[in-house]
Every structure is written in structure tokens, then in C-alpha cells.
Number of protein chains: 6
Amino acid sequence: MNKVVIFPGSFDPITKGHENIIKRAIPLFDSIVVAVGENSEKKSYFKLKDRIQWIEEVLSDLPTVTVETYSGLTVDFCKQMKAKYLLRGLRTSADFEFERSIGQINKRLYPDIETVFMLAFPEFTPITSSIVRDVHRHKGNILDFIPTSIHSYFK
Amino acid sequence: MNKVVIFPGSFDPITKGHENIIKRAIPLFDSIVVAVGENSEKKSYFKLKDRIQWIEEVLSDLPTVTVETYSGLTVDFCKQMKAKYLLRGLRTSADFEFERSIGQINKRLYPDIETVFMLAFPEFTPITSSIVRDVHRHKGNILDFIPTSIHSYFK
Amino acid sequence: MNKVVIFPGSFDPITKGHENIIKRAIPLFDSIVVAVGENSEKKSYFKLKDRIQWIEEVLSDLPTVTVETYSGLTVDFCKQMKAKYLLRGLRTSADFEFERSIGQINKRLYPDIETVFMLAFPEFTPITSSIVRDVHRHKGNILDFIPTSIHSYFK
Amino acid sequence: MNKVVIFPGSFDPITKGHENIIKRAIPLFDSIVVAVGENSEKKSYFKLKDRIQWIEEVLSDLPTVTVETYSGLTVDFCKQMKAKYLLRGLRTSADFEFERSIGQINKRLYPDIETVFMLAFPEFTPITSSIVRDVHRHKGNILDFIPTSIHSYFK
Amino acid sequence: MNKVVIFPGSFDPITKGHENIIKRAIPLFDSIVVAVGENSEKKSYFKLKDRIQWIEEVLSDLPTVTVETYSGLTVDFCKQMKAKYLLRGLRTSADFEFERSIGQINKRLYPDIETVFMLAFPEFTPITSSIVRDVHRHKGNILDFIPTSIHSYFK
Amino acid sequence: MNKVVIFPGSFDPITKGHENIIKRAIPLFDSIVVAVGENSEKKSYFKLKDRIQWIEEVLSDLPTVTVETYSGLTVDFCKQMKAKYLLRGLRTSADFEFERSIGQINKRLYPDIETVFMLAFPEFTPITSSIVRDVHRHKGNILDFIPTSIHSYFK
């Protein structure tokens with residue numbers, strides 16, 4: 001059985017934390033799909049086109065990982081991709097409570113799906129896309145928080 | 001003394017979790033008022049008229065429970081209804097921290113009020129109105145999360 | 001139906017927080033039984049006889065509240081007392097996570113039981129029997145943390 | 001070395017909790033700057049001019065404390081004010097998780113900065129500016145939650 | 001590469017929650033080792049021999065899952081078993097904070113190890129071995145909390 | 001006024017996290033007393049004599065920091081040392097809930113005391129004395145978790 005996992009998010013923008021989770025999950029799965037949700041409700045800070053491009057840059061040396069966009073329910077995208085696994089990183093207990101509700105609801109909507117969690121490394125624990133956006137909006141230096149391979153876009 | 005309890009919320013929409021808390025609270029109180037707050041700040045997802053109708057459907061066999069709408073402070077509505085109790089369900093520790101602040105502030109605004117908490121059943125713990133709306137918005141099936149008596153509205 | 005509630009604990013010793021919860025629960029129930037668990041596993045700090053006496057002192061003006069000891073499961077004691085309710089105070093989110101497990105397990109062991117939670121007042125939030133014992137053990141003054149009616153025992 | 005600390009926030013409005021933290025921090029620092037962030041993203045509830053005036057009223061007898069406004073990153077404002085410390089009050093564990101991320105990110109952006117935390121007094125734990133705004137919006141009485149010296153503005 | 005995962009614990013006793021995590025992890029790994037830690041510090045409630053026997057009963061139809069005992073560090077046992085993965089179930093945010101510390105320390109002790117977390121099902125969330133022992137100690141019925149295949153041992 | 005701060009703990013053993021908090025607190029206080037509590041209730045893992053020696057090694061280049069032992073209440077030791085401040089590091093929200101209770105109780109026992117909290121660095125967040133003891137007990141390598149200056153004692 002081919003093990004496909006979906007790593008869903010808005011990646012607004014992709015962070016060093018995301019990159020770290022993706023790389024550590026590679027040995028566990030046959031293929032990983034980084035799935036950028038197009039949320040019609042919430043306006044993103046960075047353009048979809050840019051977010052995708054940055055992810056592609058990060059994935060360029062990772063042959064089993066691809067990027068896709070999706071709208072609609074995450075579990076419907078999983079069915080479409082024939083994926084039985086969702087991947088999520090956990091940073092804090094606030095994260096956990098949120099992820100638990102989502103994960104348990106997804107299981108009811110699609111009983112074949114299994115959410116697999118990995119721990120953020122301690123040094124990436126404080127990094128969230130939301131904080132990175134906030135630093136960027138106030139003209140701060142975000143290079144310490146985003147993958148090295150996309151630093152050139154922010155200099 | 002007549003024991004009246006207010007069960008406040010936006011019920012956008014009423015969930016199986018809400019229904020469960022209401023039914024379990026019936027033996028403890030003489031009457032229960034499900035109080036739908038009209039929040040001028042936040043736009044609701046479902047129309048007030050529909051939310052009320054669904055609650056009425058759920059309460060149709062529960063003679064001691066009624067539904068009302070209110071605006072203004074919850075404690076002012078309690079005074080108006082001569083209610084000394086507020087009822088809230090608790091699902092997670094994030095819920096709890098939020099409810100604690102609200103409950104302690106309500107006590108200062110109206111020292112006669114007492115908030116009584118009951119635990120969500122484990123199977124209803126992941127269900128929130130916010131997640132139900134999200135599933136509905138993305139064309140998912142919400143029947144597993146809302147009271148059986150209102151399923152016909154969502155088929 | 002007579003509404004009997006059990007307020008279980010080790011009360012080692014009873015605190016101002018316990019007293020406050022008991023008094024605020026009086027209007028909601030026909031009778032309250034303060035139930036001191038005799039836990040053969042854990043050695044108590046204060047003697048059972050003293051703990052009971054202090055509770056009796058606190059309850060002396062509260063006609064609907066009595067004190068009992070019990071061993072065995074709390075829900076078995078509830079059945080024996082024909083009580084359908086358990087009462088617990090909530091201070092912190094750590095409290096909550098613990099109480100949620102116990103409450104949900106009790107519901108499975110005895111589906112007729114309902115645990116009702118009330119919030120600690122902010123000024124009593126930091127007080128636990130465990131901290132009171134610790135202060136007492138180190139010869140500190142515990143009068144600020146225990147009911148006024150039992151101050152004379154600790155002077 | 002002159003110890004300057006920045007106490008950043010939106011103070012929308014200043015609460016009794018803020019006032020209490022400021023006063024307790026005075027002996028620890030040579031000067032305290034209450035720094036009102038002008039957040040172009042989020043519209044405030046009270047006008048900046050009013051928020052500043054209320055803070056000035058509260059600080060009128062506190063010679064080592066001043067009020068300033070700033071936009072941009074908090075750590076950039078710290079550099080500009082030659083401040084090596086940030087001051088934050090902690091109320092709940094939800095607060096803590098949020099503050100930890102911000103504090104650790106600020107340390108990476110400006111390694112010389114040190115965030116110092118003090119505990120809210122129990123009686124101020126439920127008070128947040130957000131709840132105060134909510135009570136005010138619904139025509140409730142907020143006097144119990146804001147500094148005595150600014151009560152006259154809200155009568 | 002053969003994917004071996006260690007599921008460590010004291011299993012004092014194995015619960016329905018443990019059984020559920022094991023079964024859901026089977027498709028993800030080539031083999032699962034249920035590893036019963038012999039902790040010389042803490043006395044177990046049930047005998048090691050019994051705990052092993054019950055686990056074997058539960059695993060009897062699961063060809064890729066075996067049971068082992070170990071003493072010493074969990075990561076040393078992983079090395080010995082040539083396992084690159086640890087499996088843990090997550091129930092509550094208190095669980096999470098504890099598991100995060102252990103998981104991050106294990107990663108430092110053995111950088112090749114990866115801890116993979118799966119969510120408890122809502123109905124198993126309140127069940128812990130500790131609560132099961134407590135119910136058993138007080139002569140309560142634990143059948144609702146332990147795997148069906150070992151019910152006969154507790155009747 | 002001379003600013004003296006007490007950094008209390010059992011330091012069983014001192015960790016890299018403790019060392020980091022001490023060093024970062026130096027600029028804020030005139031003198032820091034690392035106070036090793038002799039807890040007659042709980043047996044320590046390492047001998048008091050060794051724990052003191054390791055702390056002295058760590059402090060050898062830090063002229064404003066000294067080590068003392070104490071028994072009895074922490075606030076009584078503060079009075080004896082004429083210290084108005086307590087210093088504590090915060091790692092997780094579980095830490096925080098515990099520290100909040102202790103800090104608020106200390107304030108009631110001795111209103112002049114102020115507890116000042118600093119954040120653990122992300123890389124030290126998973127390190128606790130308890131986990132270090134556990135690794136040591138199982139013959140694991142603890143060098144990554146304790147100050148460099150005491151590595152020679154554990155080789």
C-alpha cells in the first residue's frame with residue numbers, strides 16, 4: 001500500500017518549523033503533499049502565487065514531496081489524493097487543543113483518515129506564520145524564521 | 001424559590017453538544033431559558049430566524065425549556081428573567097480559561113448570579129458551532145454534529 | 001424529587017475555598033453531603049477525626065449540609081446516599097483536566113450521576129489543601145487560607 | 001546602568017490590572033515607559049487620544065513612569081528608548097503560551113532584550129481590556145475594572 | 001527500510017485506549033513493539049507477568065505486533081531493537097506538555113529517533129491506567145475501560 | 001535600596017536551564033542568592049553536599065551570585081536575607097499554573113515579596129531536573145543538560 005500523507009495549511013508564509021516537520025516526515029511516508037488551503041473567508045497576507053513558489057523552492061531537493069492547492073474540506077482533498085494520513089506539527093498545548101478538535105472531527109467525516117503528529121523542535125517552538133507576518137508587516141527581519149532556501153526573496 | 005437558569009450562546013447553529021447539556025440540566029432547574037444573544041458586532045453565519053427555529057424544534061418535547069433572544073449584557077438579561085443561574089458546558093481547558101474570566105466578571109457585575117458548569121460528554125467534546133459552520137461552508141455533511149430533530153433542514 | 005449533592009474530597013484540611021463553594025451551592029440543592037474519602041493508599045497530613053471536626057464547625061450554621069466519611073468508589077457512596085449530583089469547585093485549567101477525566105469516568109460507572117462545577121472566587125484560586133499543608137509543615141501562618149470559624153484550632 | 005523597562009500594550013482601555021503591575025514594577029526599574037502600540041491593522045475601540053489621557057491620569061503621581069506611543073516592532077521601540085527590559089503581566093496559562101512565543105521571538109530579534117513577567121493579583125485575574133470593552137459596549141458598569149483615578153470619565 | 005516502532009509504557013493495565021492506538025498504528029509501520037518498562041523506582045499495581053499476559057491476549061490476532069519488556073532508557077531499547085520511531089497516544093493538553101518534554105529529550109539523546117503521536121478517540125479520552133487502577137482498588141467494575149479480549153480475567 | 005533576589009529550588013541537579021536564568025538575571029539585581037531548599041519530606045536524588053558543590057562551580061565567575069541552603073518557608077528565608085524578590089524561570093503552561101499558585105500564596109504570606117519570572121530559552125524548555133535524574137538513573141548521558149563547568153563530575 002502506498003502511504004500518502006497530506007500536510008495541510010495556509011503557509012502564509014512557510015516557516016523553518018514547517019520545513020523541519022516535512023523533512024522529518026519523509027522517511028515515514030512514500031509521498032507527502034503540502035496542501036495549501038485556499039480559504040475564501042480569510043484574506044491571506046502573502047499572495048497564493050508567492051506562497052506556492054516559496055514552498056516549491058523549499059521542496060526542490062525533496063523528490064517525494066509535492067505542493068498542491070485545494071479548496072473545500074481537507075478530508076475531501078485527502079480522498080481525492082487517495083491519502084489516508086494527515087500530518088501536523090505540534091508546538092504548544094494551545095496548538096494541541098485546537099488540533100485535537102479538528103483531528104477528531106476529520107475522523108468522523110472520513111473514518112479512514114489518520115492524523116499523525118510530530119513535535120516541533122524546541123528552537124522552532126515560538127515560530128508561527130502569524131508572528132512571522134507580524135514581524136514582516138512592521139519591517140522587521142524575518143530571515144531567522146523562514147527556510148534558508150527562500151531568504152533571497154526577503155532581502 | 002423558583003430555580004430559573006439561563007443557557008446563553010449564539011447557537012450558530014445549535015449542536016448535539018448543546019442539546020445534551022440542556023437535557024441533562026432539566027432535572028436540576030425548574031425552568032431553563034436558552035438565550036440567543038444578538039451580537040451586533042459579529043455577523044452570524046446562519047440567520048437568527050433559522051437558529052431560533054432549530055432550537056424550538058429541539059425543545060419541542062421539553063416543557064420546562066424555552067428559547068428567547070436578548071441583546072445587551074447577559075447578566076442584565078438574567079435580572080430581567082429573574083434568573084439566578086447561568087449554565088455553561090465545558091469541553092476543553094481552553095474553554096475553561098475563557099469561561100472562568102466571563103463567569104468571574106459576571107459575578108462582579110451581578111453578585112447574585114451563579115454560573116453552573118456541566119461537562120460535555122466525551123463524544124461531543126470535539127464539536128463546536130465554529131467547526132460545524134466550517135464543515136457546512138465547505139459543503140461537508142454536518143448531520144453527525146447537530147440534533148437529530150433538525151436533520152431534515154440540512155438534507 | 002429530593003436533590004442531594006455529594007461534595008467529595010479529603011479536606012486535608014478544609015479551606016476557605018471549600019467553604020465558599022459549599023455556601024454558594026446551598027440554594028441549588030435540598031441537601032449537601034460533604035464526603036470525606038478515607039483513602040487507604042495515601043496517608044493524610046491531618047487526622048481524620050480533626051478534619052471531620054473542623055468541617056462540622058464550618059457547617060454548624062448550615063442546616064442543609066452534613067458531613068460523612070466514606071471509603072470505596074465515590075459513585076458507590078452516591079448510590080448509597082441516593083444522590084444524583086456531585087459538586088466540584090474549579091480553580092485552574094490543570095484542575096479542569098483532572099476533573100474532566102474523573103467526571104466522565106464517574107458518568108460511565110454510574111450513568112445517573114451528574115457532576116456540577118462551580119468556579120472558585122478569584123481570591124481563593126491559589127488556595128489548595130496541599131499548599132496549606134505545606135505552609136503548616138513549615139510553621140507558617142495558615143489563618144488566611146482556612147475558614148474563620150476554625151481559626152481557634154490553629155492559633 | 002540605567003534600568004529602563006517598556007510596558008507595551010494597546011491599553012484599550014487601561015485596567016486595574018495594568019495599574020497594579022505598573023505600580024509593583026516601580027521599585028525594580030529606574031524608569032518605566034508605558035508604550036501604547038498604534039496598530040494600523042486592528043481598529044481600537046477607544047480613541048488613542050483618550051487612551052493616552054487615561055494613562056496619564058493614572059501615572060500622575062508616579063514620577064518614574066511615562067507614557068509614549070509607538071508604531072513598528074516593539075523591540076525597535078526598545079532600542080530607540082535604550083530599554084533592555086520588557087514588562088508583561090501574566091494572568092492565565094493561555095496568556096502564558098501567547099507571551100512565551102512573543103517573548104522568545106523578541107529575544108531572537110534583539111538578543112539584548114529581556115522580558116520580565118509579574119503575576120496578576122488574584123482579584124485582577126479575570127479582568128482584560130477585551131472584557132471591559134465588551135461590558136462597556138453593552139452599557140454595563142465598568143468602574144470595578146478600571147483605575148479609580150479615571151472613574152470620572154465613565155460616569 | 002524496515003519501519004519498526006516502539007510503543008512504550010507501563011500498561012498497568014493495558015486499556016481500551018492503548019488497544020485502539022496500537023490497532024490504528026498497524027498500517028503505518030512494518031512492526032510494532034509494545035514495550036513494557038520495568039521501572040525499579042515505582043512499584044506497579046498489577047504484576048509484570050499479568051500485564052504481559054493481558055497484552056499478549058490483546059495482540060493475539062495482530063501478526064505485526066509483539067510485546068517486550070525493557071529496563072533502562074527507552075532510547076537505548078529503541079537502538080537495541082533497531083527502531084527509529086516511538087509511538088504515543090495523546091489524550092489531553094496535560095498529556096501533551098509531559099510528552100513534549102520527554103519527546104524532545106529523547107531526540108537529544110538519540111537524534112535518529114522520531115516520536116509519532118496519534119489522538120485518542122473521544123470516547124477513550126478519559127481513560128488512563130491510573131484511573132482504572134483506582135476503580136479496581138475500590139472494587140469497581142473496570143470492564144468498560146479494558147480490551148474485550150481480557151474481560152474474562154476481571155470477572 | 002539594595003535589590004536582592006532569591007532563586008529557590010532543590011537543584012537536584014542544577015541544569016543548563018537554571019544556569020541560563022541566573023546569568024540573565026544578573027544585570028537586573030544587585031545580588032542573587034541561589035537558595036537550595038532542604039525538604040525533609042522529599043528525599044533528594046543527589047546529596048545536598050554535591051548539589052551545593054556543583055552550584056558553587058557554576059557560580060565561580062559570577063561575583064554577585066551566592067549559594068545558601070534553607071529550610072522552612074521560602075518567604076521566611078527571604079525576610080532573613082532582606083530580599084524583596086523571588087526569581088523563577090517559566091518553561092511550560094503547566095509550570096505556570098503551579099508557579100502562579102505558589103507566587104500568589106507567597107504574596108499573601110509576605111506582601112512585600114515580588115516574584116519575577118523569566119522565560120526559559122527554547123532549547124532549554126524540555127530540560128527539568130526530574131528528567132535529568134531519570135536519564136542519570138538509567139545510565140544515560142546527561143552532559144547535554146547540565147552546565148559545562150560541572151561536566152567533569154559526570155564523566
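Just so it is clear: chains get the letters A, B, ... in the order the sequence lines come, proteins before strands, and each one is counted from 1.
- Checked by atom type and distance alone, the side chain of Arg100(F) never pairs as donor or acceptor with a backbone atom of Leu119(D) at under 3.5 Å.
- Here the CZ-NZ distance, from Phe29(D) to Lys3(F), works out to 8.0 Å after rounding to the nearest 0.5 Å.
- Rounding to the nearest 0.5 angstrom, the gap separating the CZ atom in Phe117(F) from the CD atom in Glu99(D) is 13.5 Å.
- Counting only heavy atoms from C-beta outward, the side chains of Glu114(D) and Leu28(F) never approach each other to under 4.5 Å.
- Chain F forms more heavy-atom pairs under 4.5 Å with one residue of Arg24(D), Arg88(D), Lys107(D), Met118(D) than with any other, namely Arg24(D).
- Proximity to chain D (any heavy atom under 4.5 Å) is restricted, for Arg91(F), to the backbone atoms N, CA, C and O.
- Looking only at side-chain heavy atoms (C-beta outward), Glu97(D) and Phe96(F) stay at 4.5 Å or farther from each other.
- For Gln104(D) (side chain) and Ala120(F) (main-chain N/O), a donor-acceptor pair under 3.5 Å exists by modelled atom type.
- Within 6.0 Å of atom CZ in Phe98(D), 12 or fewer heavy atoms from other residues, nucleotides or ligands are found, so the atom counts as exposed in its surroundings.
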